[in-house]
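One structure below.
Counting starts at 1 for both ligands and their atoms, following the listed order. Both backbone and side-chain heavy atoms feed into the values below; hydrogens, waters and symmetry mates do not. All figures in this text were calculated on a predicted structure; none of them were measured in a lab. In this chain, residues are counted from 1 in sequence order.
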Amino acid sequence: MKIYIFSDMEGISGICSSEFVCFDRPLYATGRRYMLNDINACVRGCFKAGADEVLVRDGHSSGLNISWSELDPRVELVQGNSGDTRFPGIEGSDALILLGYHAMAGTAAAVLEHTFDSKSIQNMWLNGEKVGEFAFDAAIAAEHGVPTIMVSGDDKACAEALAWLPSGLTACQVKEGLSTQGAKLLPQEKALALIESKTCEAISKLRTGSIKPKVLQKPFVIRKEMLERLNPGRNGVMLDARTVELSGDNLEKTFFAII
Ligand SMILES: [Zn+2]
C-alpha cells in the first residue's frame with residue numbers, strides 16, 4: 001500500500017500565525033520544526049497501519065520547508081518546484097493525506113485562511129461551489145484515481161473538508177482557530193499522538209474498501225475572483241473586472257491555466 005502525504009504549513013499543530021510560516025520571520029525555524037514533527041507522526045501512523053511506501057510532498061509556498069535530513073528515513077520526499085503538477089509521483093498511490101491544511105479565504109476565526117494566494121485571490125469556485133484548497137486538491141487527486149482519506153488542521157479546515165467529503169474522510173483537529181492569527185493549541189505530545197492515531201484510523205477505513213475518490217462532473221469549471229482588477233488577456237472568460245472563469249476536461253491542466 002502506497003500513501004501520499006501532501007503537507008501544507010498553516011494547519012500544522014503549534015502554528016497560530018504568519019510569523020511561523022514566512023521564511024523571513026524569526027519564528028519560521030520553529031514552524032519548520034513543527035511541520036516536520038507532524039509529518040513524522042503521520043508517517044509513523046502510515047507504517048503502523050501497514051503502508052509499504054510513503055511519499056511526502058513539501059507543499060507550502062515554494063516547497064522548501066521540510067528538513068530532509070530529519071525526515072523519517074523510510075520515506076521519499078518531493079521538494080521545490082514541480083511545474084504544473086500538483087502531486088508529483090501520485091500515480092499508483094492508494095490514498096492521499098492532506099496534512100496541515102487551512103480553511104478557504106474569508107472563513108471567520110480560521111488560522112491563516114486563504115485560497116492559494118492570500119495577496120491576490122478573494123474567492124474560488126469549482127463547478128459552481130465556493131471552495132478552498134482542500135476541495136481542489138481532493139478533486140485533482142481524484143482525477144488521478146486517488147481518494148483523500150485524511151485532513152489535519154484547525155476546526156474550520158476540518159469542517160470544510162468534511163463538508164466536501166462527508167463520508168469516509170478522517171479529520172484530525174489539532175487546534176481551534178480564534179482569529180486569522182491566533183489559536184488554542186493542543187499540547188504538543190497530544191497533537192502528535194492524535195495525528196498518528198488518526199492516520200491509522202484513516203488507513204483502516206480505507207482497507208474496508210468503502211472510500212472512493214470523489215470524481216466531479218466534466219467539464220470542470222473554475223472561477224477565480226481577485227482582490228484587485230484583472231488585466232485583460234488572461235486565460236478564461238472575464239465575468240466582471242475582477243472575476244475570471246475557465247473550463248476544461250482536465251482539472252489539473254485547467255487549474256494551472258487559471259491559477
Ligand atoms: Zn501554505
Side-chain angles (χ1 to χ4, degrees), residues 4-42 56-68 71 77-88 90 96-107 109-124 126 131-141 148 150-161 164 171-175 177 179-183 185 191 195 224 227 252 255-256 259:
Y4 197 106
I5 302 171
F6 184 106
S7 184
D8 203 352
M9 201 166 183
E10 291 83 353
I12 290 295
S13 69
I15 288 182
C16 67
S17 108
S18 47
E19 297 296 315
F20 290 89
V21 304
C22 301
F23 74 94
D24 57 350
R25 307 283 171 83
L27 287 176
Y28 174 67
T30 307
R32 286 182 73 205
R33 178 148 293 284
Y34 291 166
M35 184 181 184
L36 182 75
N37 291 341
D38 278 18
I39 293 168
N40 280 338
C42 186
V56 173
R57 171 60 165 134
D58 187 334
H60 172 71
S61 187
S62 42
L64 300 171
N65 311 283
I66 297 168
S67 171
W68 172 68
L71 187 62
L77 173 65
V78 176
Q79 262 191 318
N81 189 331
S82 58
D84 290 354
T85 310
R86 190 73 180 153
F87 304 107
I90 198 168
L96 172 68
I97 292 175
L98 297 176
L99 202 69
Y101 265 54
H102 51 82
M104 73 175 86
T107 307
V111 179
L112 300 171
E113 45 72 68
H114 67 282
T115 304
F116 296 110
D117 185 352
S118 57
K119 292 189 180 76
S120 68
I121 299 175
Q122 179 81 293
N123 287 304
M124 287 190 74
L126 177 55
V131 295
E133 293 180 29
F134 178 87
F136 273 101
D137 284 339
I140 291 170
T148 299
M150 175 173 148
V151 67
S152 78
D154 72 3
D155 52 328
K156 317 304 183 306
C158 289
E160 182 181 316
W164 183 255
C172 178
Q173 186 190 321
V174 294
K175 55 193 170 187
S179 72
T180 61
Q181 301 282 342
L185 308 168
I195 291 169
K224 182 172 78 162
L227 284 157
E252 191 167 17
F255 170 77
F256 280 106
I259 203 71

- Taking only residues two or more places apart in sequence, or in another chain, which ones meet T148 in a side-chain contact (heavy atoms from CB on, under 4.5 Å)? L96, L98, F134, A138, A141, L165, L169
- Message: As a quick check of understanding, evaluate side-chain contact (heavy atoms from CB on, under 4.5 Å) for L27 and R25, giving each step before the final call.
- Response: CA-CA 6 Å; L27 287 176; R25 307 283 171 83; 5.5 Å; no
- Query: Looking at residues at least two apart in the chain, or sitting in another chain, which of them share a side-chain contact (heavy atoms from CB on, under 4.5 Å) with N37?
  - Reply: R33, Y34, Q188, L192
- Task: Anything protein N, O or S sitting under 2.8 Å from the Zn ion (ligand 1): count it and give me the total.
- Result: 4
- Task: With sequence neighbours left out, write down each residue that passes ring pair (Phe, Tyr, Trp, His ring centres under 6.0 Å) with F255, or none if nothing qualifies.
- Result: F116, F136
- Task: Would you sort out whether M35 and D58 count as a side-chain contact (heavy atoms from CB on, under 4.5 Å), showing the intermediate values?
- Result: CA-CA 10 Å; M35 184 181 184; D58 187 334; 3.8 Å; yes
- Check the side chains of Q181 and S18 for a donor-acceptor pair under 3.5 angstrom, ignoring hydrogens and angles. yes
